There are 2 protein chains.
Amino acid sequence: MKMKVKEVADLVGISVRTLHHYDAIGLLTPEETTDTGYRYYSERNLETLQQILFFRELEFPLKEIKNILSEPSFDRQQALQLHRKLLLEKRERIDQMIATIDKTTQYIKGERDMSNEEKFQGFNFNHNPYEEEARKLWGAKAVEQSNTAFENKAVGEKMNDIYRKLAHLTNTPPESAEAQTAITEWYEFLNTHTGHHYTLEAFKGLGHMYIADERFTTNIDQFGAGLAQFMSEAMTFFADHNKN
Amino acid sequence: MKMKVKEVADLVGISVRTLHHYDAIGLLTPEETTDTGYRYYSERNLETLQQILFFRELEFPLKEIKNILSEPSFDRQQALQLHRKLLLEKRERIDQMIATIDKTTQYIKGERDMSNEEKFQGFNFNHNPYEEEARKLWGAKAVEQSNTAFENKAVGEKMNDIYRKLAHLTNTPPESAEAQTAITEWYEFLNTHTGHHYTLEAFKGLGHMYIADERFTTNIDQFGAGLAQFMSEAMTFFADHNKN
DNA sequence: ATTGACCCTCACGTTACGTTACACTTTATA
DNA sequence: TATAAAGTGTAACGTAACGTGAGGGTCAAT
């Protein structure tokens, strides 16, 4: 079951150039390449391609997709479930946009009023500002590495260090001095390495996400059971007690 | 009610740079610009922006959006209805992808079988190969102009010529020699100017779309009542009688 | 043996912004 | 009213994900 480029391209509805590109950047390397240079894609290649397209549909950058797929901890089933969830969210956004259209139609006819915010319901993807952070956590280092490539190895390690440090403290109270010291480190880490400046409120909000969104929870808990819960509490305490 | 760049950007969830860009390419020019160079956006600007974002969501290139919006025949209501329809289609694609995910999950567990085509259900946008053509028709020249700019003027004219020629024949039978000559010209026109090669079957299918899809119908009928119906029949006849 | 449909590798082009860099304005605050 | 903070302006180069030829081999069928 070996397929040539065009066959694959036609099957999945992408261009030959795209397959070439994916090969070039190492995202999808054909299982076999003849000595005349012909690419032959296997069944497994097709399955990887399916994954890639799901990620792409959700607008993940290719570099990130590559990292995620190549991570040893990558689990296809889990990924599919995540995709499912994100697709549902996307569908909801579309529904919102349709609603906005209907409202606008009425508004034009003078049948109703409309606030400026309403006029843009559904577009606001920045409506969930943690999506970005979710990507970072989902396959922790994966995304980090996709950024500046070199010093990030150290950065990824640092990140893991902090997680591990915190994981050792999960049976001490989140308000304890050690816990707060570690959380302070986490706060500073995020502010110096994500490009994002976190206000205390945002930091607290992020903490909530750790337990509200299972994507966060499952990934954080890989470093130790209950870590997400623990971090969330510690982050809340930190935020509430540093508003000088 | 004058708004500055950042206010607009924050309201609709895009970047300031994007607004600058839209201004630079003449897609959205702020209603007022102070002598210090500050951009001030009006209510009307916001409404245009809403339109732009709808088009963008449906992946129309900016150049095309610009042409469409600036066409005198542009009707906001009609546009909104088209957007609505396309969004519904997009939602359906998402549903298909979700179904594909569910199937894949079962497939992995060995609970069912799955063909290669099934694995990519929902991605295949080229599944509706007429979308492209729909864009071309929707604001006929608008899209054409967006391509190579100069010789396209001639091409657009040619296109209109053929439409007009056919419109004059709507009360002759579609099998008549004149009608078939004109349709042949149309067939050749499409094959030489769209980059797409139309097989006879595809040509016939396109003809069906002219009456099946109202987007086509309304636009074609602008050249004469019943033209879409007429062309459809002539195209079918042409296809059926030219299979060597 | 030939031909038409595919395949390859460059390599430059394109779209829609992101990202500094650097200077000027406006607004909030002391 | 001075001064800082926040916002805004114009360059101008960078980037992601391919598109689009150019020029030249390869394969399967006739």
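Sequence lines set the chain letters: A, B, ... in the order given, protein chains first and strands last, and positions in each chain run from 1. None of these values were measured; they are calculated from a predicted model.
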> With a 3.5 Å cut-off and just heavy-atom distances, do the side chain of B:Y38 and the base of D:dG7 make a donor-acceptor pair?
Replying inline: yes
>> Judged by each residue's nearest nucleotide on DNA chain D, which is more toward the 5′ side, A:Y22 or B:G37?
In response: B:G37
> If you find the nucleotide of DNA chain D closest to A:Y40 and the one closest to A:T18, which residue's nucleotide is nearer the 5' end?
Replying inline: A:T18
>> Measure CE/B:M3 against P/D:dG7 and give the value in whole Å, please.
In response: 14 Å
> Just to confirm, is there a sub-4.0 Å distance from OP1 or OP2 of D:dG9 to any side-chain nitrogen or oxygen of B:R39?
Replying inline: yes
> A:R17 CZ to C:dA11 C1': how many Å, rounded?
Replying inline: 10 Å
>> Rounded to whole Å, please give me the gap between CZ in A:F60 and P in D:dA17.
In response: 13 Å
>> Applying a 4.0 Å non-hydrogen cut-off, can you work out what A:V5 is touching in the nucleic acid: base, sugar-phosphate, or nothing?
In response: sugar-phosphate
> Closest nucleotide of DNA chain C for B:K4 versus for B:H21: which of these residues is on the 5' side?
Replying inline: B:H21
> What's the CG-P distance between B:D35 and C:dC24, to the nearest Å?
Replying inline: 16 Å
> Taking atom P of D:dC18 as reference, at what distance in whole Å does atom CG of A:L28 sit?
Replying inline: 12 Å
> Would you say B:T36 reaches C:dT26's phosphate, i.e. side-chain N/O to OP1/OP2 under 4.0 Å?
Replying inline: yes
> Below 4.5 Å, heavy atoms only, C-beta onward: do A:Y107 and A:K119 meet side chain to side chain?
Replying inline: yes
> Thinking salt bridges, do A:E57 and B:R93 make one under a 4.0 Å N-O criterion?
Replying inline: yes
>> Please report the distance, rounded to the nearest Å, between CG in A:L19 and P in D:dA17.
In response: 15 Å
> Can you name the closest pair of heavy atoms from B:R76 and A:T104 and give their distance?
Replying inline: NH2-CG2, 3.5 Å
> Thinking salt bridges, do B:R39 and B:E32 make one under a 4.0 Å N-O criterion?
Replying inline: no
>> I want to check one thing: is the phosphate of D:dC18, taken as OP1 and OP2, less than 4.0 Å away from some side-chain N or O of A:R56?
In response: yes
> When the distance from CD of A:E59 to P of D:dT15 is rounded to whole Å, what number comes out?
Replying inline: 21 Å
> B:K66 NZ to C:dC17 P: how many Å, rounded?
Replying inline: 15 Å
> Looking at B:K6, does any N or O in its side chain come under 4.0 Å of the phosphate oxygens OP1/OP2 on D:dT8?
Replying inline: no
> Would you call A:E43 and A:K2 a salt bridge, using N to O less than 4.0 angstrom?
Replying inline: no
> Quick one: is B:H20 getting a side-chain N or O under 4.0 Å of the C:dC17 phosphate, OP1 or OP2?
Replying inline: no
> Within the structure shown, what part of the strands sits under 4.0 Å from B:T34 by heavy-atom distance: base, sugar-phosphate, or nothing?
Replying inline: nothing
